[in-house]
Peer 1: 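Questions regarding the structure given below will be posed in turn.
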There are 2 protein chains.
Amino acid sequence: MDVLSRFESESVDCVITDPPYGTGANTVAGRLASPVSKYRSSGVKSSLPSIAGDSMLPEAWAEMITSIMRHALRVCRSGANALWFCDWRGYPSLMRIAGSVGWGIKGLLIWDKGKGTRPFKNGFRAQTELILWTRKGSLTDRDPPVYLDGVFAHRTPVRIHHMTEKPVALMRELVEICPPGGVVLDPFQGSGTTGVAALQSGRRYIGVECVSEYHGIACRRLEEAAKP
Amino acid sequence: MDVLSRFESESVDCVITDPPYGTGANTVAGRLASPVSKYRSSGVKSSLPSIAGDSMLPEAWAEMITSIMRHALRVCRSGANALWFCDWRGYPSLMRIAGSVGWGIKGLLIWDKGKGTRPFKNGFRAQTELILWTRKGSLTDRDPPVYLDGVFAHRTPVRIHHMTEKPVALMRELVEICPPGGVVLDPFQGSGTTGVAALQSGRRYIGVECVSEYHGIACRRLEEAAKP
DNA sequence: CCTTGCGATGAATCCATAT
DNA sequence: GATATGGATTCATCGCAAG
């Protein structure tokens with residue numbers, strides 16, 4: 001929030017980000033504990049740093065997301081699109097918050113992670129993540145026409161950088177919504193996959209991350225991606 | 001509601017249904033008009049009967065859905081699963097209502113209609129419908145273990161019976177959540193595709209429909225599907 | 001160099017036991 | 001009696017080592 005508040009208004013063309021889901025823990029103890037354990041099978045030790053904000057109480061999470069969405073709206077130019085990752089639990093809140101701070105709600109995209117995800121006994125495999133699509137105001141003539149799909153099938157990558165790392169190929173498809181040469185902002189950068197995709201696709205990029213280990217990883221990856 | 005209220009409690013093993021979405025009209029004038037026009041390209045004449053309940057005011061829609069979900073919960077046995085079609089606008093309301101009347105919210109399934117759907121200029125194609133998955137209480141030993149997928153790719157069929165007709169192949173995949181021989185209920189039957197799939201897959205079936213033309217169509221299709 | 005096999009893992013969920 | 005914890009479950013996939 002500190003960083004975003006210092007940005008100039010109307011200086012960004014697109015937001016693509018994966019906020020913490022706020023579903024990290026079912027119990028108070030779990031919310032206070034390290035959030036890493038949820039994502040591990042029992043007894044397995046992780047070598048990846050924890051992620052921030054995934055184990056917040058629901059109201060704290062909502063307040064944080066509200067604030068970020070408000071800031072993001074200010075720094076975006078009119079006609080800018082924003083894509084927000086979420087799961088099926090968080091989507092209703094995210095949609096309500098986005099609408100209430102003034103984003104136009106445009107639709108819902110699907111990331112299909114495929115059959116590699118864990119099966120669900122007596123039920124349906126949770127193999128998707130959702131992407132809320134919003135826009136600030138209406139389009140300008142700065143936006144060349146593009147026609148993109150609504151479902152993206154990509155396997156989850158082997159976790160080499162971050163606990164919830166996205167495939168670069170997925171992010172490259174999403175980045176297409178930003179006009180070439182435009183600025184993409186990711187306020188929850190993590191290991192910087194959004195930025196790698198943006199730079200590879202000829203967009204400019206700004207990322208923000210509060211966990212210093214991930215900041216370092218992202219810097220290295222972005223330098224690599226920016227090489228000619 | 002009249003019909004459902006006469007059912008015995010705990011007499012149904014599974015609910016699979018496609019309620020009206022309540023998104024039929026953005027204007028009061030539109031809500032008062034015939035709902036059929038929304039689903040047609042301009043100037044094209046439809047020979048299909050209108051569907052009921054698609055042009056309700058939001059609060060009337062919510063009240064109707066609440067009532068149906070309450071009735072459905074009563075007639076379901078413990079451990080019964082229910083699948084409710086919706087779109088990305090209606091999902092938050094549907095999830096909230098389901099939870100508030102006592103259904104356990106289990107997850108979200110995706111019907112991917114594919115690239116045959118209309119593209120979206122300067123944006124992402126709206127090519128999916130969502131399916132809210134709920135369950136009454138917890139599983140019993142009457143339920144044999146099944147492991148099903150969470151994304152279903154099937155093209156929309158040519159509309160021969162109903163305005164929002166689903167592919168039989170899609171419904172056959174969903175019906176697998178009901179134990180073989182169990183009773184599937186569809187309180188918004190339409191042209192009866194759920195029933196056709198249920199009968200073809202060795203489940204029993206009860207359907208309810210308030211538009212008499214669709215009732216007739218469904219009866220014919222179900223008789224056909226029930227033939228040995 | 002290609003195939004085979006083994007082990008480990010997953011934005012998870014369930015249920016019995018412990019607090 | 002309500003809440004928290006921990007172990008078991010499931011299979012498609014990937015990495016790595018051996019053949």
Side-chain angles (χ1 to χ4, degrees), chain A residues 17-58 61 65 83-94 109-132 152-171 188-191 193-194 211 214, chain B residues 78-79 81 103-110 133-151 176-177:
Chain A
T17 195
D18 183 19
Y21 286 5
T23 51
N26 299 316
T27 64
V28 175
R31 289 192 189 98
L32 300 172
S34 158
V36 176
S37 58
K38 181 183 62 144
Y39 303 109
R40 304 266 118 198
S41 299
S42 48
V44 178
K45 247 201 165 151
S46 168
S47 59
L48 297 176
S50 325
I51 54 182
D54 194 44
S55 304
M56 299 172 103
L57 289 165
W61 177 86
I65 294 290
L83 303 177
W84 313 88
F85 278 82
C86 54
D87 66 2
W88 61 274
R89 276 174 240 258
Y91 167 64
S93 306
L94 208 60
L109 323 180
I110 304 294
W111 173 28
D112 179 1
K113 296 187 276 191
K115 304 197 177 189
T117 48
R118 191 184 314 229
F120 194 131
K121 187 173 184 180
N122 284 298
F124 302 89
R125 180 186 272 120
Q127 70 183 80
T128 55
E129 281 181 40
L130 312 183
I131 306 166
L132 174 67
F152 306 94
H154 294 282
R155 284 198 244 288
T156 51
V158 178
R159 316 283 187 205
I160 44 175
H161 302 107
H162 192 277
M163 200 65 68
T164 68
E165 189 169 342
K166 308 285 176 289
V168 176
L170 166 67
M171 304 315 287
F188 299 96
Q189 171 172 246
S191 58
T193 308
T194 304
V211 176
Y214 288 125
Chain B
S78 180
N81 292 288
W103 284 97
I105 313 288
K106 305 300 295 182
L108 181 66
L109 322 181
I110 305 292
W133 169 31
T134 66
R135 185 182 285 162
K136 176 172 177 176
S138 42
L139 290 175
T140 65
D141 47 12
R142 216 192 305 192
D143 302 285
V146 283
Y147 294 86
L148 304 171
D149 284 340
V151 175
E176 290 298 311
I177 194 62

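Just so it is clear, the structure is predicted and the values come from calculations on it, not from any experiment. Lettering follows sequence order; numbering is per chain, from 1.
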Peer 1: Given dC14(C), dT10(D), dA12(D), which nucleotide is nearest the side-chain atoms of Arg125(A)?
Peer 2: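 For the Arg125(A) side chain, the nearest candidate turns out to be dA12(D).
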Peer 1: Are Thr128(A) and Leu108(B) side-chain neighbours, meaning at least one heavy-atom pair lies under 4.5 Å?
Peer 2: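 Not in contact.
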Peer 1: Mind checking Asp18(A) for me? I need base, sugar-phosphate or nothing, with any heavy atom below 4.0 Å counting as a touch.
Peer 2: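 It contacts base atoms.
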Peer 1: Considering only side-chain heavy atoms of Tyr147(B), which listed nucleotide, dC11(D), dT13(C), dG15(D), is closest?
Peer 2: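 The nucleotide sitting nearest to the side chain is dC11(D).
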Peer 1: Measure the distance from CZ on Phe124(A) to P on dT13(C) and round it to the nearest whole Å.
Peer 2: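 Rounded to the whole Å, the gap is 14 Å.
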Peer 1: Output the rounded distance in Å from CE (Met163(A)) to P (dA12(C)).
Peer 2: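 Distance check: Met163(A) CE to dA12(C) P gives 11 Å.
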Peer 1: Would you kindly give the CZ-to-P distance between Arg118(A) and dC14(C), to the nearest whole Å?
Peer 2: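 It works out to 12 Å between those atoms.
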Peer 1: Name the nucleic acid region contacted by Pro19(A), choosing base, sugar-phosphate or nothing; use a 4.0 angstrom heavy-atom cut-off, strictly under.
Peer 2: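 Answer is base: heavy atoms of Pro19(A) come under 4.0 Å of a base.
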Peer 1: Measuring only between side-chain heavy atoms, which start at C-beta, is Val146(B) closer than 4.5 Å to Glu176(B)?
Peer 2: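 A side-chain contact is absent here, since even the closest heavy-atom pair is not under 4.5 Å.
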Peer 1: Nearest heavy atom decides the nucleotide; on that basis, is Thr117(A) or Trp88(A) closer to the 5' end of DNA chain C?
Peer 2: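 Closest to the 5' end, via its nearest nucleotide, is Thr117(A).
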Peer 1: Could you tell me whether a side-chain N or O of Gln127(A) sits under 3.5 Å from a main-chain N or O of Gly150(B), the two making a donor and an acceptor?
Peer 2: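 Yes: the side chain of Gln127(A) pairs with the backbone of Gly150(B).
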Peer 1: Tell me which nucleotide among dC14(D), dC15(C), dT10(D) gets nearest to the side chain of Pro119(A).
Peer 2: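 Ranking dC14(D), dC15(C), dT10(D) by closest atom to the Pro119(A) side chain puts dT10(D) first.
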Peer 1: Could you state the atom-to-atom distance from CZ of Arg155(A) to P of dG15(D) in whole Å?
Peer 2: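 These atoms are roughly 11 Å apart.
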Peer 1: Can you tell me how far P of dC14(C) sits from CG of Leu139(B), to the nearest Å?
Peer 2: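 Distance, rounded to whole Å: 8 Å.
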Peer 1: Lys115(A) has an atom NZ; how far is it from atom C1' of dT9(C), in whole Å?
Peer 2: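 Those two atoms, NZ and C1', are 19 Å apart.
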Peer 1: Under a cut-off of 3.5 Å for both distances of each Watson-Crick or G-U pair, what dot-bracket string does DNA chain C give, using [ ] for crossing pairs and | for inter-strand pairs?
Peer 2: .|||||||||.||||||||
Peer 1: Can you see if the side chain of Arg89(A) gets near the phosphate of dT13(C) - specifically, an N or O under 4.0 Å from OP1 or OP2?
Peer 2: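 Checking Arg89(A) against dT13(C): at least one side-chain N or O falls below 4.0 Å of OP1 or OP2.
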Peer 1: Taking Lys106(B)'s backbone N and O only, do any of them form a donor-acceptor pair with Arg135(B)'s side chain (distance below 3.5 Å, no angle check)?
Peer 2: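 Looks like no, no N/O pair under 3.5 Å.
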Peer 1: Atom NZ of Lys121(A) and atom P of dG7(D): how far apart are they, to the nearest Å?
Peer 2: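 Atom-to-atom, Lys121(A) to dG7(D), this comes out as 19 Å.
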Peer 1: To the nearest Å, give me how far apart NE2 (His162(A)) and P (dG10(C)) are.
Peer 2: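 Rounded to whole Å, this separation is 14 Å.
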Peer 1: Decide side chain to side chain contact (heavy atoms under 4.5 Å, CB included) for His162(A) and Tyr214(A); before the verdict, give the C-alpha distance in whole Å, the side-chain angles of both, and the deciding distance to 0.1 Å.
Peer 2: CA-CA 8 Å; His162(A) 192 277; Tyr214(A) 288 125; 3.3 Å; yes
Peer 1: Could you check Trp111(A), Tyr21(A), Tyr91(A), Trp88(A) and say which one makes a side-chain hydrogen bond (donor to acceptor under 3.5 Å, both in side chains) with Glu129(A)?
Peer 2: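 Considering Trp111(A), Tyr21(A), Tyr91(A), Trp88(A), a side-chain hydrogen bond (donor to acceptor under 3.5 Å, both in side chains) with Glu129(A) is found only for Tyr21(A).
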Peer 1: Among Leu132(A), Leu130(A), Ile131(A), whose side chain to side chain contact (heavy atoms under 4.5 Å, CB included) with Leu109(A) holds?
Peer 2: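 Among the candidates, only Ile131(A) passes.
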